[in-house]
Amino acid sequence: MRRATAVALAALLAAGLVPAGAGAASAKTPDPLTLEVTAGAVLTLPAGDGLQDGTKVRISSVSGGDVDLLAVKGKKKVELSEATPLRRTATGWQRTLTVPVRALNAGSWDLVARRSDDRAARARAAAALRVGSGVPTRVVVTPSASKLYPWKDRVLDALTVTATATDETGTVLPVRGSVRLDAGPLHRVRALAGTGARLPVTGLPIGPARVTTVFRGPGGDATRTTAITLAPTGVGALRLSASADTVQPVADGLLDSVVLTTSGEAVAASPATVSGTLTISNRFGVLKSWKVADGTPRTFTWDGRITGRIVPGAYTATLTLHGPEGVDRVRTQRLTVSKDHLPYRVRDLFGVADGNQQGLAVHDGLFYVATDVDSTSSRVDVYDGRGALVRTLGVLPIGHGAELAFSTTTGLLYAANGGALNPTSIWAIDPASTDPATAVKQTFDLSALGPNGMVGVDDAGGRLLVFTGVKGAFTLSSVGFDGTVQRTVPISISGTPQGLDVVGTELWVYTSLRGRNRLARYSVTDDAVIAAGTGTAAFDLMNPGEGEGFAYAGGVDGSIYVGAHGPNRVGVLVPVADE
């Protein structure tokens, strides 16, 4: 009875408003009960296996007495405890009881507590008690890979099966059972333990295989089947690349040969060796073959020739690799052989002294090479045709000796100081002088024309041709042998200016570009420095290093020479024919 109700009833009795018998009967109404589950609301069958075999409930009241505990599922009732006395505690009356799973079957049960002497006084647990069957109803079997490789290399040559299962209540069941792997006529069996099982596949036949996992739950079994593949250890990735897709075997330094790069590896990062062949073929069959010992990156160079001959047409490079098992894998690269070529190749003649090699001039079998000494001076070394140093024209105050030119008209050597920050000057030098103090005979201040000065000699026209300017605004000037500027016109070039000279009736300008050098040719006429200001032809020179100086020998020789550094050297242009 609630305290407020009891007080109100006593007041009515004292006033004589309620019969005494009525008051006595009401005073005996038992106090209410409470019931709560304290250890878990899910149990799992069967009993005795240690998996959620029981739970605890607590019955509480403000007064003592005996209580019963029941489990109710629909019309079914199970008495779990009868006439169990409550015990006094500091906060009231309580009793903790165990609900054993052995007394229940699978399903959802309501737990009810009632007073033994008044079954109308009862309490129900807030949530139902769920009892699981222990039968694995949701089983997840996860193989470590869907494809494995029986070749023994410690790479994917064992199958690991991970299994989990729950019953209908979501309770995770202990992992027990077995795994069987069937491949052709052979099989492997392992017990499930911990979280799964490991089965070696080495020695099993290649092909489809079946994995059967039997999960033995506390209340029953479940079987799952998974398909996997046992594959051969063959070639996984392989690569074939070419330095160019066109080969021009004519020896001009441009695409004279092709470099083929091969690499490969076994499947699944296996350490197995892959090897094979690289072939060159055309429509008539295989023409050249190399052995490829393994899959590490390797290079093979083909000169584009068949038994020494150039046969233009379509070719195929084929890389074929195989591993310890499985079929070959192939990669191809299309190639074209052509007789196209540059007009000239560069044949090295001799090396020159170390330093910042710059201008070049040639006359009467002697080669004049300018080398920077510092920002204000250069020296000119004189070599014979075999590269032997004949003499040195001292250290001359000619700045950055970007280009040299020899005049048969004046017998003097002309130097220009070049450089994008150097105002242009031209120095006339006595090529036979042995005294640096008197070697310079004339100096022409052409700073008005801009920086980047280079000089060539047009003896037929009786003038110097002086190149100046900055990128996008280059000019070419006709300058008399007395230093008088006669005419200036724009000129367009590609690359960095490195040298120039007059070859017959043309001006040839030598420039350097990334990875190659270039020669551009311009028409020179009596009444104009350069026709239309644009080149009539241009072609690359495939000589390594930065271009440095350009010279035409003229006369009977008629050879054209170029300089380059990295290393420093002088070369001659050789006309290129088809073969």
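For the single chain, residues carry numbers from 1 onward in sequence order.
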Only pairs under 3.5 Å count here: list side-chain donor-acceptor contacts from residues 543-550, not counting sequence neighbours, and write none if there are none.
{"from": "N543", "atom 1": "OD1", "to": "N517", "atom 2": "ND2", "distance (Å)": "3.1"}
{"from": "N543", "atom 1": "ND2", "to": "Y510", "atom 2": "OH", "distance (Å)": "3.4"}
{"from": "E546", "atom 1": "OE1", "to": "H565", "atom 2": "NE2", "distance (Å)": "3.0"}
{"from": "E546", "atom 1": "OE2", "to": "Q498", "atom 2": "NE2", "distance (Å)": "3.3"}
{"from": "E548", "atom 1": "OE2", "to": "H565", "atom 2": "NE2", "distance (Å)": "3.3"}

Quick check: closest heavy atoms across [X] and [Y], and the distance to 0.1 Å?
X	Y	answer
H322	G276	CE1-CA, 4.1 Å
A165	V139	CB-CG2, 3.9 Å
P32	R115	O-NH2, 4.5 Å
G304	P249	O-CG, 3.4 Å
A158	R198	CB-NH2, 3.3 Å
R188	P200	NH1-O, 2.7 Å

Please tell me if the side chains of [X] and [Y] come closer than 4.5 Å, counting only heavy atoms from C-beta onward.
X	Y	value
L69	V112	no
V250	I310	yes
S241	T261	yes
W302	K288	yes
L97	K56	no
T226	T213	no
P46	P218	yes
W508	I560	yes

Sub-3.5 Å donor-acceptor pair from the side chain of [X] to the main-chain atoms of [Y], do we have one?
X	Y	result
T511	G495	no
D256	D303	no
T137	T166	yes
K73	A106	yes
D348	F350	no
T98	P100	no
D53	G48	yes
R119	S116	no
D540	M542	no
S144	T160	yes

Item to check | Sole residue of L513, I493, L541 in side-chain contact (heavy atoms from CB on, under 4.5 Å) with R518 | outcome: L513

Next on the checklist: Looking at D245 and R334, is there a salt bridge between them, counting it only when a charged N and a carboxylate O are closer than 4.0 Å?
Outcome noted: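 A salt bridge is absent here (no side-chain N lies under 4.0 Å from a carboxylate O).
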
Checklist entry - Does D157 come within less than 4.0 Å of K152, counting only side-chain N to carboxylate O? => result no

Euclidean distance, [Y] [atom2] relative to [X] [atom1], rounded to 0.5 Å:
X	Y	atom1	atom2	value
L278	Q333	CG	CD	10.5 Å
L148	L204	CG	CG	10.0 Å
L111	L80	CG	CG	7.0 Å
L129	T55	CG	OG1	6.5 Å
D294	T273	CG	OG1	6.5 Å
T44	L173	OG1	CG	7.0 Å

Checklist entry - Could you go step by step and tell me if T262 and W290 meet the side-chain contact (heavy atoms from CB on, under 4.5 Å) rule? => result CA-CA 11 Å; T262 67; W290 297 271; over 6 Å; no

Item to check | side-chain contact (heavy atoms from CB on, under 4.5 Å) between H400 and N356, worked out | outcome: CA-CA 9 Å; H400 175 59; N356 188 18; 4.2 Å; yes

Item to check | Derivation of the side-chain hydrogen bond (donor to acceptor under 3.5 Å, both in side chains) call for T320 and D328 | outcome: CA-CA 6 Å; T320 304; D328 293 347; over 6 Å; no

Item to check | Verdict with supporting geometry, L156 and T233, side-chain contact (heavy atoms from CB on, under 4.5 Å) | outcome: CA-CA 10 Å; L156 291 176; T233 298; over 6 Å; no

Is the closest side-chain donor-acceptor distance between [X] and [Y] under 3.5 Å?
X	Y	value
D182	H187	no
T171	T169	yes
S133	D167	no

Item to check | Y315 and L287: CA distance, side-chain angles, deciding distance, side-chain contact (heavy atoms from CB on, under 4.5 Å) verdict | outcome: CA-CA 10 Å; Y315 292 76; L287 306 170; 3.5 Å; yes

Item to check | Heavy atoms of other groups near R239 CZ, more than 12 under 6.0 Å | outcome: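 Correct, the count exceeds 12.
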
Item to check | Single hit among R114, K77, R95 for salt bridge (Lys or Arg N to Asp or Glu O under 4.0 Å) with D68 | outcome: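 One option only clears the test, and that one is R114.
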
